[in-house]
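Take a look at the structure below.
Every value quoted in this text rests on a predicted model; they were computed, and no experiment measured them.
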Amino acid sequence: MAKSLRLPVSGGTLEDYAIANAPLAAPERPAGGHAFNRVAYAAAHVVVDPLADNDPWLDRNIDWESTVAFREYLWDLGLGVAEAMDTAQRGMGLDWAGAKELIANVQSAARRRPDALIAYGAGTDHLPPGPGVSIDDVIQAYEEQVAYVEGQGGRIILMASRALAAAAKSPEDYVRVYDRILRQVRQPVIIHWLGDMFDPALAGYWGSRDDMQAMETAVAIINDHATKVDGVKISLLSAEKEIVMRRKLDPAVKMYTGDDFNYAELIAGDEKGYSHALLGIFDAIAPAASAALQKLGADDLAGFHEILAPTVPLSRHIFKAPTRFYKTGVVFLAYLNGFQNHFQMLGGQQSTRSMVHLAELFRLADEARVLRDPDLAVSRMKTILATAGI
């Protein structure tokens with residue numbers, strides 16, 4: 001029987017919509033592990049505790065059981081977890097104290113799983129940018145967070161720094177900071193270049209507002225420390241820039257796409273190379289990502305695109321401008337799919353997207369076949385509509 005409801009559309013009207021697609025079957029976990037030929041991390045969100053008596057814009061109360069359970073789900077699908085990143089509202093609701101608690105809880109779960117691929121964000125978000133912040137202050141802030149992650153036994157994703165973006169006077173300041181940190185790390189890190197469409201405070205990173213000029217500084221730093229860099233995650237939403245940078249990297253350094261608009265083509269690659277993945281959208285489309293990567297690992301490129309291509313319009317919608325609000329769509333889809341029993345977020349960020357936006361997300365999720373229980377999804381969508389008087 002058709003599962004239908006009335007959804008808002010632009011212009012202030014409603015239209016009937018019926019679920020049209022069967023959900024994509026989640027791939028079974030092979031006895032020998034998932035046969036991927038790409039390294040794939042999902043940047044995972046956190047689940048808040050809706051029963052906490054707090055001020056949601058100011059306080060953080062995390063449901064640790066549900067948060068860790070979601071990581072277990074990603075690992076079961078063969079995906080790695082990129083922890084304490086911007087998808088988890090790091091620096092946008094999740095402060096460093098909360099990030100430390102998150103890292104400790106998830107690392108405890110990871111220790112129990114030999115197959116758990118995980119890396120943790122280390123940055124400077126406990127150091128507020130300001131005119132009195134020096135480059136030495138930035139270095140010390142990075143060192144503190146790196147030391148904590150390594151003390152937990154974790155691998156590092158070296159996050160872009162708002163404090164560095166504010167304090168740096170030239171590309172040489174970036175060279176100084178990254179040289180100092182990379183010389184100290186115990187294991188090769190993933191360097192994260194997050195564009196200002198995700199975080200306006202990072203405008204001009206690497207010492208230039210021209211991305212191609214900034215890229216030259218970043219590549220020089222990375223290649224000079226290739227033995228200390230596992231890879232670089234670039235999040236500029238430009239396939240062309242990612243490919244240019246990918247071809248400039250030392251052959252030992254991986255490119256991890258962070259392009260939530262063009263990930264399918266970038267992971268598939270071309271005759272000169274391909275990208276691995278570290279993506280926020282893989283949180284939302286995890287079964288499709290896993291199934292597609294299985295196909296790619298079996299040299300079935302057509303099967304890879306058949307599964308992943310329908311998810312791209314969904315991802316482009318979730319990450320549409322203002323891109324920094326994408327986390328709302330990721331958590332909304334987790335709610336529709338039953339990974340949490342509420343649509344609440346750190347900082348009250350469930351309010352950053354309109355009902356029309358969420359309704360279109362629902363339609364595109366159906367087309368991508370990532371509504372894993374259509375009856376539940378329809379019921380929960382109706383609940384959200386009702387709270388808006390629809």
**Item:** Modelled atom types, side-chain donor and acceptor of Ser108 and Asn105, under 3.5 Å
**Value:** no
**Message:** Rounded to the nearest 0.5 Å, what separates atom CZ in Arg176 from atom OG in Ser170?
**Reply:** 10.5 Å
**Request:** Verify, without hydrogens or angle tests, whether Lys228 (side chain) and Pro188 (backbone) share a donor-acceptor contact under 3.5 angstrom.
**Result:** no
**Message:** As a quick check of understanding, evaluate ring pair (Phe, Tyr, Trp, His ring centres under 6.0 Å) for Phe70 and Trp75, giving each step before the final call.
**Reply:** CA-CA 9 Å; Phe70 190 76; Trp75 285 324; over 10 Å; no
**Prompt:** Do Phe343 and Phe332 have ring centres separated by under 6.0 Å?
**Reply:** yes
**Request:** Using a cut-off of 6.0 Å, state whether more than 12 heavy atoms not belonging to Arg113 lie near its atom CZ.
**Result:** yes
**Item:** Distance flag, aromatic centroids of Tyr41 and Phe282, threshold under 6.0 Å
**Value:** no
**Item:** Val81 and its side-chain contact (heavy atoms from CB on, under 4.5 Å) partner, picked from Leu117, Asp283, Ile118
**Value:** Ile118
**Asked** Does a side-chain heavy-atom distance below 4.5 Å link Leu237 with Asn262?
**Response** no
**Ring-ring centroid check Phe319 His317, cutoff 6.0 Å** = no
**Request:** Ignoring hydrogens and angles, state whether a donor on the side chain of Arg246 or Ser275 is under 3.5 Å from an acceptor on the partner side chain.
**Result:** yes
**Request:** Measure from NZ or CZ of Arg6 to the centre of the six-membered ring of Tyr17 and say whether it is under 6.0 Å with the direction within 45° of the ring axis.
**Result:** no
**Proximity of Tyr148 and Tyr120 rings by center, below 6.0 Å** = no
**Request:** Check whether more than 12 heavy atoms from other residues, nucleotides or ligands sit under 6.0 Å from atom NZ of Lys248, and answer yes or no.
**Result:** no
**Request:** Could you tell me which non-hydrogen atom of Lys3 sits nearest to which non-hydrogen atom of Pro374, and how far apart they are?
**Result:** CD-CB, 3.4 Å
**Prompt:** Side chains of Asp250 and Asn223: donor-acceptor distance under 3.5 Å anywhere?
**Reply:** no
**Message:** Checking side-chain polar atoms at under 3.5 Å, does Gln145 have a donor or acceptor matched by the opposite partner on Asp125?
**Reply:** yes
**Item:** Option among Asp224, Ile222, Leu164, Asp173 that satisfies the side-chain contact (heavy atoms from CB on, under 4.5 Å) test with Tyr178
**Value:** Leu164
**Prompt:** Would one find more than 12 heavy atoms of other residues, nucleotides or ligands at under 6.0 Å from atom CG of Asp16?
**Reply:** yes
**Message:** Checking side-chain polar atoms at under 3.5 Å, does His45 have a donor or acceptor matched by the opposite partner on Gln89?
**Reply:** no
**Request:** Verify whether one side chain among Gln152 and Gln107 offers a donor that lies under 3.5 Å from an acceptor in the other.
**Result:** no
**Prompt:** Among His276, Glu265, Glu242, which one satisfies side-chain hydrogen bond (donor to acceptor under 3.5 Å, both in side chains) with Thr257?
**Reply:** Glu242
**Message:** Distance check, rounded to the nearest 0.5 Å: Gln140 atom CD versus Leu127 atom CG?
**Reply:** 9.5 Å
**Item:** Evaluation steps, salt bridge (Lys or Arg N to Asp or Glu O under 4.0 Å), between Asp230 and Lys254
**Value:** CA-CA 6 Å; Asp230 170 64; Lys254 300 180 186 72; 2.7 Å; yes
**Straight-line distance of Ile191 CD1 to Ile181 CD1, nearest 0.5 Å** = 11.0 Å
**Prompt:** Does the side chain of Tyr326 come under 3.5 Å of the side chain of Ser315 through a donor N or O and an acceptor N or O?
**Reply:** no
**Item:** Distance-only side-chain donor-acceptor flag, His126 / Glu144, under 3.5 Å
**Value:** yes
**Message:** With a 6.0 Å cut-off (strictly less than), is the heavy-atom count around CD of Glu65, excluding the residue itself, greater than 12?
**Reply:** no
